[in-house]
2 protein chains.
Amino acid sequence: MRRDTVTGMTDQTVPTTAAGEAATARGEQTRQLILETAMRLFRERGYARTTMRAIATEAGVAVGNAYYYFQSKEHLIQEFYARTQTEHRTAAQPVLERESDFAARLAGVLHAGIDVLTPSHEFAASFFKTAAEPTSPLSPFSAESSGPREASIGLYADVLAGSTAKVDAELRPQLPELLWLAYMGVVLFWVYDRSPGQARTRQLIDGAVPLVDQLVRLSRLRVLRPVTQQVVSLIHTLRH
Amino acid sequence: MRRDTVTGMTDQTVPTTAAGEAATARGEQTRQLILETAMRLFRERGYARTTMRAIATEAGVAVGNAYYYFQSKEHLIQEFYARTQTEHRTAAQPVLERESDFAARLAGVLHAGIDVLTPSHEFAASFFKTAAEPTSPLSPFSAESSGPREASIGLYADVLAGSTAKVDAELRPQLPELLWLAYMGVVLFWVYDRSPGQARTRQLIDGAVPLVDQLVRLSRLRVLRPVTQQVVSLIHTLRH
DNA sequence: GCTCCATCTTGAACGCGTTCAACTTATGTC
DNA sequence: GACATAAGTTGAACGCGTTCAAGATGGAGC
């Protein structure tokens with residue numbers, strides 16, 4: 001059974017047995033071996049300088065074998081997404097348990113996200129272009145990325161839910177996704193950030209969080225209600 | 001003399017004569033021929049399906065010759081930037097001459113930008129990933145794109161300068177670049193927009209412009225001054 | 001033990017972007 | 001006109017991601 005992504009989705013082009021999840025021990029072992037080798041080489045040499053031949057050789061298999069388990073070199077990255085997302089959740093947990101202030105929770109979760117990404121900055125930048133392509137399965141907006149995406153949005157739902165923040169009733173249901181979008185913006189900035197240790201990104205978070213916090217507070221204010229409603233209605237329009 | 005970009009920048013790796021601009025008639029002719037052929041094929045077949053061999057063959061030259069004039073296949077796209085920018089300016093001119101209301105000017109210029117891009121939607125999406133890579137010379141933030149970028153920011157400076165809008169004094173000097181950034185956001189949305197005729201992008205513009213307009217107005221309001229100042233100071237911090 | 005068949009594995013081959021040493025053409029100098 | 005040098009041109013070759021026909025493996029049913 002040809003497996004597609006780390007989410008365990010079945011490849012529609014090769015529908016054999018119905019039990020797509022039932023991977024044999026032999027296959028799963030090779031799959032993991034190739035994956036670990038690839039992740040190691042990506043970190044060691046960067047994405048572009050790691051060839052499929054090198055991955056296969058180091059893993060002790062044939063090139064074609066790697067393509068039996070992964071549709072393309074790009075698909076090897078999907079594993080990176082899933083891992084990063086899981087690590088983000090773990091790293092954010094203490095903050096979510098400790099803090100109740102909205103701004104503190106948001107800042108903590110954003111910083112935790114960058115903490116997790118930091119060791120992979122160079123690597124992330126080199127494959128970012130792949131993720132940026134709209135038609136790519138690696139796009140954060142793609143159907144194939146829906147697993148990690150939903151999980152990530154859930155994280156920001158928790159940021160809001162566990163906080164003492166008072167939010168405009170109409171805005172509240174939209175806010176988690178908006179916060180996730182803001183997180184995507186931070187990641188985008190981070191990828192482009194050439195400052196040592198990506199210090200600028202930290203400044204962006206520390207500067208933008210109080211701003212978001214204030215805007216959320218002000219969303220209930222009379223002068224801003226029309227603007228708030230405009231934002232909400234724009235979101236509805238765009239979502240169809 | 002090996003030419004680098006459409007901006008006429010000299011390739012530092014091959015510094016021969018000082019007069020880098022003095023291209024001979026023969027060379028310039030071949031260069032234009034390759035360029036026209038490439039642009040035609042890109043539009044006909046899309047970026048990915050157009051091979052350098054096909055470009056060379058159709059232009060009646062050798063593959064290596066194309067690489068004499070253009071560092072890479074990607075560099076052929078830089079021409080697309082420059083042309084698009086020029087067309088955008090032209091398409092926006094009537095609006096800038098006619099309207100004095102800020103919101104009308106901004107909406108007009110944004111719509112003009114999408115008007116110009118529309119015929120290239122498929123093509124743009126396919127090479128977008130290239131432009132998205134931070135290290136790519138095609139990134140809108142790169143030094144090599146500074147020409148078109150500055151011109152584009154200038155367009156938004158005109159949007160503001162010719163309008164009757166009253167803007168917070170501290171915010172005003174930052175606004176053109178912020179508007180350009182918003183335009184980049186619109187283009188990003190447009191690239192991902194799968195709705196027929198990219199109707200969603202039009203809705204985004206029509207929905208977001210009044211919002212921006214209101215925020216700009218409110219920037220002078222007492223309750224929002226702190227937020228405005230925060231925004232301005234954040235920009236300053238991030239700019240170094 | 002034998003057969004069958006899905007699963008897994010192989011590596012040569014393909015088309016791509018890109019490079020480069022060799023060659024040809026044009027331009028200026030005496 | 002002859003020479004020197006810069007500008008322009010060539011196409012075979014390289015390394016890459018990817019494909020695919022062919023073969024090997026291992027467990028289920030008898």
Side-chain angles (χ1 to χ4, degrees), chain A residues 1-3 10-11 13-34 38 41-42 45-57 59-77 126-127 129-130 133 136-138, chain B residues 1-3 10-11 13-34 38 41-42 45-57 59-77 126-127 129-130 133 136-138:
Chain A
M1 188 71 202
R2 190 167 190 155
R3 311 234 3 278
T10 301
D11 187 341
T13 62
V14 187
T16 48
T17 55
E21 293 295 309
T24 69
R26 179 164 64 127
E28 194 56 29
Q29 204 173 326
T30 312
R31 190 176 186 279
Q32 285 302 322
L33 178 62
I34 293 167
L41 291 182
F42 285 161
R45 314 179 183 177
Y47 180 72
R49 277 193 301 280
T50 303
T51 69
M52 289 301 282
R53 282 166 179 82
I55 294 171
T57 305
V61 300
V63 219
N65 203 5
Y67 281 92
Y68 180 77
Y69 291 101
F70 301 94
Q71 267 181 49
S72 71
K73 188 181 174 185
E74 296 179 3
H75 276 77
L76 280 163
I77 305 176
S126 70
F127 80 74
K129 66 165 180 180
T130 299
E133 197 189 26
S136 167
L138 281 109
Chain B
M1 189 69 207
R2 191 167 190 156
R3 313 248 342 287
T10 302
D11 187 341
T13 61
V14 187
T16 47
T17 54
E21 292 296 308
T24 67
R26 178 166 66 127
E28 194 56 30
Q29 206 173 325
T30 311
R31 189 175 187 280
Q32 284 303 322
L33 179 62
I34 293 167
L41 292 182
F42 284 162
R45 313 178 183 179
Y47 180 72
R49 276 192 302 279
T50 304
T51 69
M52 290 299 283
R53 282 166 179 82
I55 295 171
T57 304
V61 300
V63 217
N65 202 6
Y67 282 92
Y68 180 76
Y69 292 101
F70 301 94
Q71 269 182 47
S72 70
K73 188 182 175 185
E74 297 180 2
H75 276 77
L76 279 164
I77 305 176
S126 70
F127 82 74
K129 65 166 182 179
T130 299
E133 196 190 28
S136 167
L138 280 110

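Scope of the values below: all heavy atoms of this structure, side chains included, with no hydrogens, waters or symmetry mates. Sequence lines set the chain letters: A, B, ... in the order given, protein chains first and strands last, and positions in each chain run from 1.
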- Message: Would A/Lys73 and A/Phe42 count as a cation-pi pair here, with the cationic atom under 6.0 angstrom from the ring centre and within 45° of the axis?
- Response: no

Hey, is the side chain of [X] poking within less than 4.0 Å of OP1 or OP2 on [N], counting only N and O atoms?
X: B/Tyr68; N: C/dC20; value: no
X: A/Asn65; N: C/dC8; value: no
X: B/Thr30; N: D/dT9; value: yes

- Across the strands shown, which category fits A/Val61 at heavy-atom distances under 4.0 angstrom: base, sugar-phosphate, nothing? sugar-phosphate

Would you say [X] and [Y] make side-chain contact, with heavy atoms under 4.5 Å?
X: A/Arg31; Y: A/Phe70; value: yes
X: B/Tyr68; Y: B/Thr30; value: no
X: A/Tyr69; Y: A/His75; value: no

- Message: As an exercise, state the distance from CE of B/Met52 to CG of B/Leu76, rounded to the nearest 0.5 Å.
- Response: 5.5 Å

Within the sub-3.5 Å range, which N or O atoms of nucleotides 14-17 of chain D have a protein N or O partner, and how far apart are they?
unit_1: D/dG17; atom_1: OP1; unit_2: A/Thr50; atom_2: O; d: 3.4
unit_1: D/dG17; atom_1: OP1; unit_2: A/Lys73; atom_2: NZ; d: 2.8
unit_1: D/dG17; atom_1: OP2; unit_2: A/Met52; atom_2: N; d: 2.9
unit_1: D/dG17; atom_1: N7; unit_2: A/Arg53; atom_2: NH1; d: 2.7
unit_1: D/dG17; atom_1: O6; unit_2: A/Arg53; atom_2: NH2; d: 2.7

Nearest-Å distance, [atom1] ([X]) to [atom2] ([N])?
X: A/Arg31; N: C/dT7; atom1: CZ; atom2: C1'; result: 15 Å
X: A/Phe70; N: D/dT19; atom1: CZ; atom2: P; result: 15 Å
X: B/Gln29; N: C/dA26; atom1: CD; atom2: C1'; result: 14 Å
X: A/Ile34; N: C/dC8; atom1: CD1; atom2: P; result: 11 Å
X: A/Gln71; N: D/dC20; atom1: CD; atom2: C1'; result: 16 Å

- Item | Residue list, side chain to side chain donor-acceptor pair (under 3.5 Å) with A/Thr51, at least two apart or on another chain | none

